[in-house]
Amino acid sequence: MATTSPPLAGAAPSGAASPRCAPAWRAPILLLLIGVAACALLPEQLGLMTRIFITALFVLSLDLVVGIAGLATLGHAAMFGMGAYAAGIFAMHVYPDPLVGLAVGIAAGACLAALSGAFLLRFQGFTFLMLTIAISQILLSLAQKARDWTGGDDGLSGFVMGPLLGRFQFDLEGRVAAMYALAVLVVLFYVARRVVDSPFGLTVRGIHENRARMAALGTPVFARLWVLYAVAGALAGAAGALSAQTNAVVGMDSLSFALSAEALVMLILGGAGRLTGALVGATVFTVLHHTAASINPYHWLFVVGALLMGVVLVSPAKGWAWLRRRAGGVR
């Protein structure tokens, strides 16, 4: 008499539909639509929109390191500044094409992350945190001393970007810059989403949850973290290159500790580990900064501090859950 084995614990019934995951392109397409709509509805704020898109890309790269890999860092601005200076110097001395300069910025950020990560990722916790700050400060000192290339404290300026795709010249209204920054953000957001949702990304999440267990299972922990750190550096370098190209100037603040700290604050505001939280946090912080500084340029940090206290008391996850319940969603 034939017998049937009982279903495995936790397995879905044969007649039930298998769980479906949202495709990786859905969130980037939604981001594109929202970005285009914002630029169309606020044509007088295109400069602010460009800044939001670039900042969101930078915070997105930080989310790969902090939220996905679980590596606390306060020196992420090193990759941003490296991409910015590389793109600016390339445009000034070699070739002013924006897309080629963007590729140079991406390569510069990735190379810096790969080289520094080969050393930094051998450490964990507070030691790793302090070493990331040290790398950023070393680059800041080198940029100050290499005045012939970086302009020192005066910043790198005097370069003019060529037309995008050979047709669209950067205009004073900022239309081309905004659309360019949005397009790059959407493409790289899609890339980040695919990386995070891949088996490689799931492995890195496992390392974040329990590094010792993943190592015991035979996972090459160092290699996985090193690759993701390089990918995050590439995205940060892209953000730096966009900043240099759309502003036509690179300042020393692109390598500063303050930029790394602000990016971490934005990530906390939006919620780490979800990618979309980086976009939300960057948008909220940048708009708040712009609005509060225009109202009172001397005390706008008070508003930011109050918002941070609210985030500490009520986490972004609890806030989103409350909004869903208020909107009639599932608990």
Side-chain angles (χ1 to χ4, degrees), residues 8-12 18-19 21-22 24 27 58-80 82 106-139 188-238 260-261 263-264 266-268 270-278 281 315-317:
L8 296 176
S18 59
C21 297
F58 178 51
V59 181
L60 178 67
S61 70
L62 180 64
D63 196 16
L64 293 178
V65 177
V66 177
I68 305 301
L71 302 172
T73 174
L74 279 173
H76 203 62
M79 278 74 80
F80 179 91
M82 178 63 75
I106 291 174
C111 288
L112 176 61
L115 291 175
S116 61
F119 167 72
L120 295 175
L121 294 173
R122 301 182 186 278
F123 303 92
Q124 300 180 39
F126 184 73
T127 303
F128 176 85
L129 177 69
M130 296 305 295
L131 288 175
T132 58
I133 299 175
I135 294 293
S136 180
Q137 293 302 305
I138 289 173
L139 287 178
L188 293 183
F189 178 48
Y190 173 75
V191 172
R193 174 67 69 185
R194 291 298 301 268
V195 170
V196 169
D197 293 342
S198 67
F200 167 81
L202 296 177
T203 302
V204 175
R205 285 187 182 273
I207 295 172
H208 180 187
E209 295 295 330
N210 195 323
R211 180 180 295 215
R213 183 175 183 180
M214 294 300 291
L217 292 173
T219 303
V221 173
F222 176 84
R224 293 287 193 273
L225 294 178
W226 182 74
V227 171
L228 189 71
Y229 197 69
V231 172
L235 267 61
S260 298
L264 190 58
M266 297 177 207
L267 184 58
I268 295 172
R274 296 181 293 131
L275 296 187
T276 53
S315 67

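The two residues Ala113 and Ser116 have their closest heavy-atom pair at O-OG, 3.5 Å. Closest non-hydrogen pair, Ser260 versus Ala77, comes out as OG-N, 2.9 Å. Shortest non-hydrogen contact noted between Ala272 and Gly67 is CB-CA, 4.0 Å.
Atom CD1 of Ile135 sits about 14.0 Å away from atom CG of Leu74, to the nearest 0.5 Å. One finds the CZ atom of Phe58 at 5.0 Å from the NE2 atom of His76 (value rounded to the nearest 0.5 Å). The line from CE of Met266 to CG of Asp63 is 13.5 Å long, rounded to the nearest 0.5 Å. One distance of note links CE of Met79 with SG of Cys111; it measures 12.0 Å at 0.5 Å rounding. The OG1 atom of Thr73 sits 8.5 Å away from atom CG of Leu264, with the distance rounded to the nearest 0.5 Å.
Scored by the side chain to side chain donor-acceptor pair (under 3.5 Å) test, Arg194 finds Tyr190 as partners (sequence neighbours excluded).
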Can you give me every donor-acceptor pair (side chain of residues 225-237, partner residue at least two apart or in another chain, under 3.5 Å) with its distance?
residue	atom	partner	partner atom	Å
Trp226	NE1	Ala114	O	2.8

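Considering only heavy atoms from C-beta on, Val196 comes within 4.5 Å of Arg205 through its side chain. When side chains are defined from C-beta on, Met214 does not count as touching Glu209, because their heavy atoms never get closer than 4.5 Å. Taking the side chain as every heavy atom from C-beta outward, Leu112 and Leu139 approach each other to under 4.5 Å. A heavy-atom distance below 4.5 Å is found between the side chains of Leu121 and Leu71. Contact check for Leu131 versus Thr127: side-chain heavy atoms found under the 4.5 Å cut-off. Using a 4.5 Å heavy-atom threshold, the side chains of Leu60 and Arg193 count as separate.
Within the 3.5 Å criterion, the main-chain N or O of Pro199 finds a donor-acceptor partner in the side chain of Thr203. With hydrogens and angles disregarded, a donor-acceptor distance shorter than 3.5 Å links the side chain of Ser198 to the backbone of Val195.
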What's the verdict on side chain to side chain contact (heavy atoms under 4.5 Å, CB included) for Ile207 and Arg224, showing C-alpha distance, side-chain angles and the deciding distance? CA-CA 9 Å; Ile207 295 172; Arg224 293 287 193 273; 3.8 Å; yes
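For the pair Arg122 and Phe222, the cation-pi criterion (under 6.0 Å, within 45° of the ring axis) is fulfilled.
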